[in-house]
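This report refers to the structure that appears directly beneath it.
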Amino acid sequence: MTFSEDTFLASGAAGEPVYNADGSVTVTLKKEYGGGGIGFYMDASKSMVDLSDYLKVIFKISADVEAPICLRTHDTTDYWGSNSSTTLSYTRITTEQKEFICDLSTINNTLGFGVKYNPGGSADLPEEIKLTIHSISFVKDTRDTTDAISNYTSLAEMASAYGLKMGTVMNGQKVADKKYGDLMKYHFNSITAANEMKAYSMLDLQKSKEAYQDETSMPVVNFAGADKIMDFAKANNIKVRGHALVWDADMVDWFFREGYDVTKPYATTEVVKARLQNYIEQVLVHFEEKYPGVIYCWDVVNEAVGDSDTEYEEGDERHVRTKRNNKDNPFYTLVGRDYVELSFQYTYEVLQELKKTMPTLDIKLYYNDYSTFFASKRDAIYNLVSSINSFLPDSNGGYVKLCDGVGMQSYIGGYGQQQGCMNENEIEMVKTAILKFASLGIEVQVTELAVRNYQNDAETLAKHGEFYKKLFQAYLELNSGEEKPLKAISIWGIVDIPELTPDDYSFKMNGPYCGLFDENLAVKDAFINVHDLLKNGQ
C-alpha cells in the first residue's frame, strides 16, 4: 500500500497526516474519545478488494513513545462506526520501527487498513502520540494442502484401529480458514476449542449486570464464539472435547462479586456455589440441546494442581492450588478446598438429569493438567482423582465414579529454548504416568501435545521427526493389548509459525517449528513418521 491524499480512507486523528519523502506517513493520535486512528484504502480505485489470495498483512510502524495500538481492516469510510472495522491485533509500538504480522486467512475483503491508538482508559499513557506508518504490505497465500490430503491416509482413520481418536485445536479464525479447515477435518476426528469454550470467553459481564436483581440472579452466558467451533464440528461430523468448565487462570473476577460488580465485596460461598452450579448447567444444556452428541467429553476442571509447596496447603496430598502466580485461587477461597470435587459432582448431576430425556447421552468427565508426567505432579493428580471418585456416596455403600479420565497436556521439551527438547527419557515418563492413571480404572487422553522445537535446520527437523515416531510408538505400545488406556491424542503444536518471537506465549509453549505441517501446510518428517507408523505398525 502507498500513502497519499489519494489513498486516505478515514481518520480520527488530530490534524492532517504528513506524507513523508520516504513514502511513510506520520499522524498525531490523541487519547481523548478512546484513542484516535487513521486508515488508508488498499486499492487506488477506493473499492472493496478481494483478499482470498492473501494470507498475511505486515505493518511496519514506529512512534515517538511506546504505546498500545490496534491494527485493523476497514469495511466502510466511517472511522468511528461500530461496524466499520475488524480488529487484526492488539499490540504495542516503540520508538524503533517494528514489524507486525497479522493473519488475513479469515478476512474476505476490505476497503483498507488502519492503525488506532488504544489507551483503554489508562491514566498513565500520554495524551497524544506521533505515529509513523512506514509501510503496509501483503503476503500471498501459497499454502497448498494437496499433498497432505491426496497422498496420505487420514491419521484419524488409521488411529481408530488402535482405539484412538486423533485430535487437534481450533479457534474462531481457524474454522473460517478453508485451507486449514480442509486439512484438519481430513486428518482429525476430534477438536478442542483453544479458548472459546472457557468461562472467561463465554461469561457476559454486561448482560449479567443488566439481568441482576438480587443474589439469586444467575450469570448470563454468550455462546456465539463457542458455537462457531461447534458449527464446524457438526458440519464435518467431528467430535469435540469440551474445554474447560472450571479454570482459575484468567477467570473473570466479577463472577465472584456481589452484583457482578468488581467494586463490591465478594459474594458468600453459598452464592458462588450456586453460580458455579448454574454456569455448568447452562453450558451443558446449551451444547446438548443445540449440538446433541457432538461433545464426547468435558475437561471439568483444568490445572487445579499446584507446582510448588507455596501453591497448596501443607498436608494436602492432592496439591490443589490455593494460589497461582502469588494470587489467590478464587474457587479455592470462595467455593472451598473441595471445589474440584464439587465441580465434578455438579457436572455429573446435570448429565444425569439430561439423560432422562436423552438416554443415549454419553459424555466422559476429565481432569486436565500440564506437567502430568513429572513424578510430583503425577502423584498429586493420582491422589486428586482418587479424592474425586470417593467424594459422592452412591446407593450401594460405595461412591459414584465422577471422574472418568485424566487429560495429559503434554508440552514436551525445553520451555522457550532448544536445550531440553526431544529428551527420550521423557517418553518413558509419559508411559509411566499413563499406566499409573489407568491403574485407577480411568481413561487417559493426551490433550495438548506439542513436541517443542525452536530450530528449522534439516538435522533438527529430522531429530524432531524421529522423536515424534518414538513417542507414538510408546502410545501404540500402551494400546497394543486388550486394555487400551489411551483414548485420544490431541495435537496443539500442529502447524509451524516461523514468525513467532521469543516474547510470544505460543513461542514459549510450543516453539515455532513444533508442527506436523510447515507454515505452508506441507507435511514434515514428524507427520510422515507418525503416518507411516500408524499405517504399517512400525
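This is a predicted model, so every value here is computed, not measured.
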Between Asp177 and Gln173, does any side-chain donor sit less than 3.5 Å from a side-chain acceptor? no
Have Thr501 and Asp503 got a donor and an acceptor in their side chains that come within less than 3.5 Å? yes
Nearest-0.5 Å distance, CD1 of residue Ile442 to NZ of residue Lys401: 7.5 Å
Please check this pair: side chain of Thr333 against backbone of Asn329, looking for a donor-acceptor N/O pair closer than 3.5 Å. yes
Rounded distance [0.5 Å steps], NZ in Lys487 versus NZ in Lys165: 9.5 Å
What are the two closest non-hydrogen atoms of Asn368 and Thr447, and how far apart are they? OD1-OG1, 2.7 Å
Side chains of Ser308 and Thr310: is there a donor and an acceptor less than 3.5 Å apart? yes
Is the closest side-chain donor-acceptor distance between Tyr411 and Glu448 under 3.5 Å? yes
Taking atom types as modelled, is there a side-chain donor on Asn171 or Lys174 under 3.5 Å from an acceptor on the other? no
Lys323/Glu311 salt bridge by N-O under 4.0 Å criterion: no
Establish, yes or no, whether the cationic atom of Lys209 lies under 6.0 Å from the six-membered ring centre of Tyr260 and within 45° of the ring axis. no
Can Arg318 and Glu341 be counted as an ion pair, charged N to O under 4.0 angstrom? yes
Output yes when a side-chain donor or acceptor of Ser386 lies under 3.5 Å from a complementary backbone atom of Tyr382, and no otherwise. yes
Looking only at heavy atoms, which two atoms of Glu215 and Gly259 are closest? And how far apart? OE1-N, 3.5 Å
Under 3.5 Å, is there a donor-acceptor pair between the Gln345 and Glu349 side chains? yes
Check whether Tyr312 forms a cation-pi arrangement with Arg321 (NZ or CZ under 6.0 Å from the six-membered ring centre, at most 45° off the ring normal). no
Applying ring pair (Phe, Tyr, Trp, His ring centres under 6.0 Å) to Phe188 and not counting sequence neighbours gives none
Mind checking ring pair (Phe, Tyr, Trp, His ring centres under 6.0 Å) for Phe437 and listing every partner two or more places apart, or none if nothing turns up? none
Ring centroids only, cut at 6.0 angstrom: are Phe255 and Tyr200 within range, meaning strictly under it? no
Residues Glu196 and Lys228 bridged, charged N to O under 4.0 Å: no
Do Asp182 and Lys178 meet the salt-bridge criterion of a basic N to acidic O distance under 4.0 Å? yes
Can a donor-acceptor pair be found between the side chains of Asp231 and Tyr291 at a distance below 3.5 Å? yes
Tell me whether the NZ or CZ atom of Arg241 lies within the 45° cone about the ring axis of Tyr366 and under 6.0 Å from its centre. yes
With no hydrogens and no angle check, just 3.5 Å: does a side-chain donor-acceptor pair link Glu258 and Tyr212? no
Would you find a donor on one side and an acceptor on the other, under 3.5 Å apart, between the side chain of Asp394 and the backbone of Gly397? yes
Sequence neighbours left out, cut at 3.5 Å: what donor-acceptor pairs do the side chains of residues 372-381 make with other protein atoms?
unit_1 : atom_1 : unit_2 : atom_2 : d
Lys377 : NZ     : Val305 : O      : 3.3
Lys377 : NZ     : Asp307 : OD1    : 2.8
Lys377 : NZ     : Asp369 : OD1    : 3.3

Side-chain donor/acceptor of Asn325 to backbone N/O of Lys327, under 3.5 Å: no
